[in-house]
Amino acid sequence: EFARSRGLPQLKHLLLPRTKGFLAAIKYFRTRDNPHVQHVYDLTMGCRHIPTGEINEIVPGLARMWEGSVKGEWDFHVHVERFAINDLPIEDKDIEKWLYERWEKKDQLLSGWKESWPGDKVEN
């Protein structure tokens with residue numbers, strides 16, 4: 001309802017991005033005070049519970065992932081894209097638009113993974 005009432009994308013698998021914090025970070029990264037950060041990485045992670053085949057319905061806790069006790073019970077797929085900060089739009093409204101478009105793409109990736117998990121064999 002929130003997204004629809006504001007003309008924002010209606011996502012199935014994600015919450016909308018927090019644009020103000022992203023805008024503040026990008027503005028800082030573009031300053032001379034911080035010449036070290038030159039790229040933004042967009043990571044989308046999906047997980048499949050092997051015993052049930054559920055994708056992104058049941059999610060292991062970070063502690064279990066960190067300690068490595070998910071082996072054999074979970075499959076993970078991570079999609080990574082890198083964007084040069086200097087290639088991002090300049091104006092706030094254009095950066096927000098770019099970010100919402102990224103989230104729409106992430107949502108489409110997750111939908112696609114529910115249909116066909118990456119790495120599974122396709123039978124003819």
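As a basis for the values below, the full set of heavy atoms in this structure was taken, side chains included, without hydrogen atoms, waters or symmetry mates.
For the residue pair L110 and G46, the shortest heavy atom distance occurs at CD2-CA, 4.4 Å. I55 and W113 get closest at one heavy-atom pair: CD1-O, 3.3 Å. The heavy-atom pair separating P89 from W98 by the smallest distance is CG-CB, 4.0 Å. When every heavy atom of P9 is checked against every heavy atom of A3, the shortest pair comes out as O-CB, 3.3 Å. Summarising the geometry of W103 relative to L11, their closest heavy-atom pair is CD1-CD1, 3.7 Å, with the distance given to 0.1 Å. For R30 against I95, the heavy-atom pair with the smallest separation is NH1-CD1, 3.9 Å.
Hydrophobic clustering of Ile, Leu, Val, Met, Phe, Trp and Tyr side chains at less than 4.5 Å, counting indirect connections, unites L14 with L109. W117 and M45 fall into different hydrophobic clusters, where Ile, Leu, Val, Met, Phe, Trp and Tyr residues are linked whenever their side-chain heavy atoms come under 4.5 Å apart, directly or through other members. Put simply, V78 and V70 are part of the same group of oily side chains (I, L, V, M, F, W, Y) that touch within less than 4.5 Å, one to the next. When hydrophobic clusters are built by joining Ile, Leu, Val, Met, Phe, Trp and Tyr residues whose side-chain heavy atoms come closer than 4.5 Å, directly or via intermediates, W74 is not grouped with W66. Two different hydrophobic clusters hold F2 and L15 under the rule that ILVMFWY side chains link at heavy-atom gaps under 4.5 Å.
Ionic pairing of E96 and K93 is not present here: no N-O contact between side-chain nitrogen and carboxylate oxygen is shorter than 4.0 angstrom.
Distance check, rounded to the nearest 0.5 Å: CG of L88 to CZ of F29 gives 11.0 Å. Separation of atoms NZ (K12) and NZ (K114) is listed at 10.5 Å; rounding is to 0.5 Å. In this structure, the separation between CG on N86 and NE2 on H39 is 8.5 Å, given to the nearest 0.5 Å. One finds the OG1 atom of T31 at 12.5 Å from the NZ atom of K27 (value rounded to the nearest 0.5 Å). To the nearest 0.5 angstrom, F83 atom CZ is 5.5 Å from D42 atom CG. Here the straight-line distance linking atom OG1 of T19 with atom CD1 of I26 works out to 12.0 Å at 0.5 Å rounding.
Side-chain atoms of D75 and C47, non-hydrogen and from C-beta on, never get closer than 4.5 Å to each other. Residues D120 and R48 have side chains in contact (heavy-atom distance under 4.5 Å, counting atoms from C-beta outward). In this structure, E73 and I50 have side chains that are not in contact, with every pair of non-hydrogen atoms separated by 4.5 Å or more.
Around CG of L43, the count of heavy atoms belonging to other residues, nucleotides or ligands within 6.0 Å exceeds 12. Residue E115 places its CD atom among 12 or fewer non-hydrogen atoms of other residues, nucleotides or ligands, all under 6.0 Å distant.
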Where do K105 and E101 land on the salt bridge (Lys or Arg N to Asp or Glu O under 4.0 Å) test, with the steps shown first? CA-CA 6 Å; K105 182 172 181 181; E101 288 170 354; over 6 Å; no
Full working for side chain to side chain contact (heavy atoms under 4.5 Å, CB included) between D107 and H13: CA-CA 6 Å; D107 202 59; H13 308 289; 3.3 Å; yes
